Amino acid sequence: MVRTRFAPSPTGFMHLGVLRTALYAWLYARKNKGTFILRIEDTDRARYVEGAVDVIYSTLKTCGLHWDEGPERGTPCGEYSETGNYGPYFQSERKDSYMKYSELLIEKGAAYRKDGAVWQKIPTAGSTSFRDEVYGEITVENSEIEDQVLIKSDGMPTYNFANVIDDHLMEITHIIRGSEFLSSTPKYILLYEALGWKPPVFIHVAPIMRDAGNKLSKRDGDAYFSDFIDKGYLVEAVINYIALLGWSPGGENEFFTLSELVGAFDLSGVSKSPAIFDEVKMRAINAHYIRSLTPEKFKETAKPYVKPYICKDGQCAVANCDALFAALQPRTEVLTDITPQIDFISAACDHEIELYNNKKMKTTLETALVALGEALRALEEHELDRDEIFTAFKALADDAGVKVGYFLYPLQIALTGKQSAPGGGLDICIMLGKDESIKRIKTAIERLKT
RNA sequence: GGCCCGUUGGUCAAGCGGUUAAGACUCCGCCCUUUCACGGCGGCAACAAGGGUUCGAGUCCCUUACGGGUCACCA
């Protein structure tokens, strides 16, 4: 029976690297029909942060990484076993165990007291070896290892000690954690040996880097899961991306849902070297997820970003919302891309008249005036039907020996004031509706005349 | 500095003794097109260096360089 654990310290934030470790531990447990345990490592009282555990709970839940055992059970789900007889799951509540085993170690001569703390005694001779599933066989001379504190003078265990005790008591079979612990693993091994316990399987994962020389850290301002959700990333996309940072499924597919990751996850694909975080790549993945959403789902997801801009005097300023959302979907990589694209809807059409000069469209201020006149006429003469009006413009363009853009581009400028709009002139007409469009065109014509 | 570990295009990465060294992102062209996007097609671009082993090395060994981790009463 595989039992993995995620053992974060409650710092108040969920670092992407930490989340990835949780993901891997969760995936490994699910993949092997095992148990995923959440344990809070709050042995450092100086670092205690109010409400920090809630960040851990909520992040895990929104990511779908439900735990089978822990301080608070995850979403009830039939397939999960209902054990949880290994609590408490807060290290601060397990002090008795740590004291008990530190006493035992002292009795065995593997630990001693100094300066009010209990220290682990490292053998001076020999060497210690262990096998890591990612890094392979590792051997260190005991002379290279130094004695370490097991119980701090405040009575709390150190992370190093509490980990060993808890992992054993909770019957953890596979430890998945950051590679920064690779160097201290021999000390753990020595502890397991001194206690006569069988060490679990170790799986160390290389860190996520900001660039070649620096780890992704809070100082960068965008290392936390919440930072990316705030920026408009979809949680599925974030999970998908970080899963691929430091692990490769091997094939050419790089899009995986959580359950697909469970099927694909394999330790052999875990990388030994650090991976540099690339937000541009993550954006691309996010864009893919957004485009894959059904129109309904996209509308629901994008609404909060659109709503402030389409409400005018308490009314919706958009005549055709579906058209708006349909236009936005392929133009959205992250949700926050939306707002700057639709500011034209509620804002007055005040823009640089120079925009009418466009070499590619072969338009100038003069031709724009003509085109807008035609647009106005077309709108007044026809129903607001895309095909019907387009046909009218096409005929006009053919007669004049130009492309439709000759007429439609000035219309877009008149309506949006933007060189790049989420749709062409006609599309914008449909979004804004006949009345608003005509109003804007008239205003634009007046400006062009002066 | 000691000790561990690592090093394939700008980035993520496949590869696990014999390949024209995948794929994705980025970037650049072209096509599509009422702008911008989406989409389609194509292109630029890599085995850190030097020694071995081998008929043959990105794949195995050694050295160097560079990078990461660790050496806390933090985790």
Side-chain angles (χ1 to χ4, degrees), chain A residues 7-9 11 18 41-44 46-47 91 114-119 132 134-136 138-141 143-146 148-163 177-186 204 206-207 209 211-215 241 244-255 268-269 271-285 287-288 291 327-333 337 341 355 358 360-361 363 390 393-394 397 403-413 416 418-429:
Chain A
S9 312
T11 61
V18 174
E41 311 237 332
D42 56 346
T43 56
D44 186 2
R47 281 209 209 174
Q91 287 189 328
K114 187 177 88 177
D115 300 334
V118 178
W119 294 68
D132 181 274
V134 173
Y135 290 90
I138 291 177
T139 299
V140 177
E141 293 299 319
S143 58
E144 297 289 342
I145 310 173
E146 298 196 341
Q148 68 168 344
V149 170
L150 262 23
I151 302 288
K152 293 180 267 190
S153 52
D154 67 357
M156 283 297 224
T158 57
Y159 164 89
N160 293 315
F161 187 53
N163 247 263
R177 51 153 59 138
S179 63
E180 65 267 28
F181 297 111
L182 200 53
S183 298
S184 40
T185 302
H204 287 91
M209 310 291 287
D211 53 50
N214 303 285
K215 269 174 133 176
Y241 178 64
L244 263 25
L245 263 189
W247 169 74
S248 169
E252 290 189 358
N253 177 33
E254 59 179 3
F255 293 106
S268 66
S271 173
K272 294 186 184 69
S273 47
I276 297 175
F277 178 82
D278 182 7
E279 191 169 348
V280 174
K281 173 72 174 181
M282 187 161 85
R283 268 186 85 94
I285 289 187
H288 173 92
R291 280 180 227 123
L328 251 19
Q329 192 165 2
R331 278 168 259 254
T332 303
E333 293 192 326
D337 286 345
Q341 293 187 76
L355 286 177
N358 186 296
K360 187 181 172 190
M361 293 299 111
T363 58
F390 188 83
F393 274 111
K394 190 74 175 67
K403 292 188 172 182
V404 273
Y406 182 85
F407 291 99
L408 264 15
Y409 178 72
L411 178 58
Q412 171 193 322
I413 297 301
T416 68
K418 298 161 83 84
Q419 188 166 27
S420 299
L426 227 192
D427 301 306
I428 303 295
C429 268

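Worth knowing before you read on, the calculation uses all heavy atoms, side chains too, and leaves out hydrogens, waters and symmetry mates. What you see is a predicted model; the values in this text were computed from it and never measured.
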ask   = With both distances under 3.5 Å as the test, what is the Watson-Crick or G-U wobble partner of B/rG23?
value = B/rC12

message = Using a heavy-atom cut-off of 4.0 Å across all strands, would you classify A/Q419 as base, sugar-phosphate, or nothing?
response = base

Can you check nucleotides 63-69 of chain B for protein contacts, nitrogen or oxygen pairs under 3.5 Å, and list what you find?
unit_1	atom_1	unit_2	atom_2	d
B/rG68	OP1	A/G213	O	2.9
B/rG69	N2	A/S183	OG	3.3

ask   = Does the side chain of A/K152 get closer than 4.0 angstrom to OP1 or OP2 of B/rC74 through an N or O atom?
value = yes

inquiry  = Between P on B/rC74 and CD on A/Q91, what's the gap in Å once rounded to a whole number?
reply    = 13 Å

Sort me out a list of protein N/O and nucleotides 38-42 of chain B N/O pairs below 3.5 Å, or just none if empty.
unit_1	atom_1	unit_2	atom_2	d
B/rG39	OP1	A/R291	NH1	3.4

ask   = Starting at CZ of A/F277 and ending at P of B/rU11, how long is that distance when rounded to a whole Å?
value = 16 Å

key: Within-4.5 Å side-chain heavy-atom neighbours: A/N358 and A/Q419   = yes

inquiry  = Any base atoms under 4.0 Å from A/G250, or only sugar-phosphate, or nothing? Heavy atoms, all strands.
reply    = sugar-phosphate

message = Whole angstroms only, please: what is the CD-P distance between A/E146 and B/rC73?
response = 10 Å

query = Could you state the CG-P distance from A/N160 to B/rA75, rounded to the nearest angstrom?
reply = 8 Å

Pairs: protein N or O with nucleotides 59-62 of chain B N or O, under 3.5 Å:
none

